[in-house]
> 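The structure under discussion is supplied below as structure tokens; questions concerning it will follow.
When a residue number appears, it is its place in the shown sequence, counting from 1.
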Amino acid sequence: MKVTVCFGSVRVVVPCGDGDLLIKDLTRQAIHRYKKAVGKLDGVDAAIVVHSIHSSDGGILDPDDRLQDVADDREQLVAVFDGGGGGHLAPPPATPPQPPPLVHHAGDGASNSSRGTPSPDMLPHRYGDRCQTGDRLRWLVKRRH
């Protein structure tokens with residue numbers, strides 16, 4: 001099993017054997033590989049603090065969990081960390097997109113094709129060979145008042 005840990009724009013591949021590795025041990029290995037990749041193995045600039053590791057769907061992984069229980073083989077994980085100068089180098093991953101809110105756009109709600117158009121009157125009235133809607137209903141309503 002192996003995973004890719006993203007430190008901002010730098011991605012490091014960490015081999016994890018059968019996945020029996022704890023997330024906190026994965027974090028240590030990923031930090032070491034990141035430092036090697038950016039040339040920060042020694043000196044003052046070597047301080048890298050990982051606040052959390054996030055899965056590809058945005059969930060925060062618990063440091064005491066086993067990797068095989070919370071991640072898939074070849075999954076990309078995101079490290080939220082501070083580096084050498086204390087600046088925050090990687091923002092937390094964005095939350096998954098949410099569906100847009102439901103908005104009523106007039107219509108009768110019976111179908112999408114009636115959006116923005118009024119519903120026909122339900123009681124048609126025949127005048128000769130053609131059917132006129134609404135006239136009969138208006139006549140009945142006026143007559144009752």
> From Leu61 CG over to Thr27 OG1, what is the distance, rounded to the nearest 0.5 angstrom?
8.5 Å
> For a 4.5 angstrom cut-off between non-hydrogen side-chain atoms, does Val70 reach Ser55?
no
> In Å and rounded to the nearest 0.5 Å, what is the CD1 to CG distance from Ile23 to Leu67?
4.5 Å
> What pairs with Val38 under side chain to side chain contact (heavy atoms under 4.5 Å, CB included), at least two apart in sequence or on another chain?
Val10, Tyr34, Lys40
> Tell me the closest heavy-atom pair linking Val50 and Phe7, and the distance in Å.
CG2-CE2, 3.9 Å
> Which residues pass the side chain to side chain contact (heavy atoms under 4.5 Å, CB included) test with Gln76, not counting sequence neighbours?
Thr4, Cys6, Arg11
> Nearest 0.5 angstrom please: Ile60 CD1 to Ser52 OG, how far?
5.0 Å
> Are Arg28 and Asp25 packed together at the side-chain level, in the sense that at least one heavy-atom pair is separated by less than 4.5 angstrom?
yes
> Show your working on side chain to side chain contact (heavy atoms under 4.5 Å, CB included) between Asp64 and Lys24 and close with a plain yes or no.
CA-CA 7 Å; Asp64 296 321; Lys24 60 185 163 192; 2.9 Å; yes
> Quick one: list whatever passes salt bridge (Lys or Arg N to Asp or Glu O under 4.0 Å) with Arg66, sequence neighbours left out.
Asp20
> Counting distance only, does the side-chain N/O of Asp65 pair as donor-acceptor with the main-chain N or O of Leu22 below 3.5 Å?
no
> Could you check whether any side-chain heavy atom of Arg33 comes within less than 4.5 Å of a side-chain heavy atom of Val5, counting everything from C-beta outward?
no
> Would a 4.5 Å heavy-atom cut-off, applied to side chains only, mark Val49 and His51 as touching?
yes
> What's the shortest heavy-atom distance between Ser56 and Glu75, and which atoms?
OG-OE2, 3.0 Å
> Specify the closest pair of heavy atoms between Met1 and Asp72, including all atoms of both residues, with the distance to one decimal.
CE-C, 3.5 Å
> So do Leu26 and Val14 actually touch side chain to side chain, heavy atoms under 4.5 Å?
yes
> Look up atom CD in Gln68 and atom SG in Cys16, then write down how far apart they are to the nearest 0.5 Å.
10.5 Å
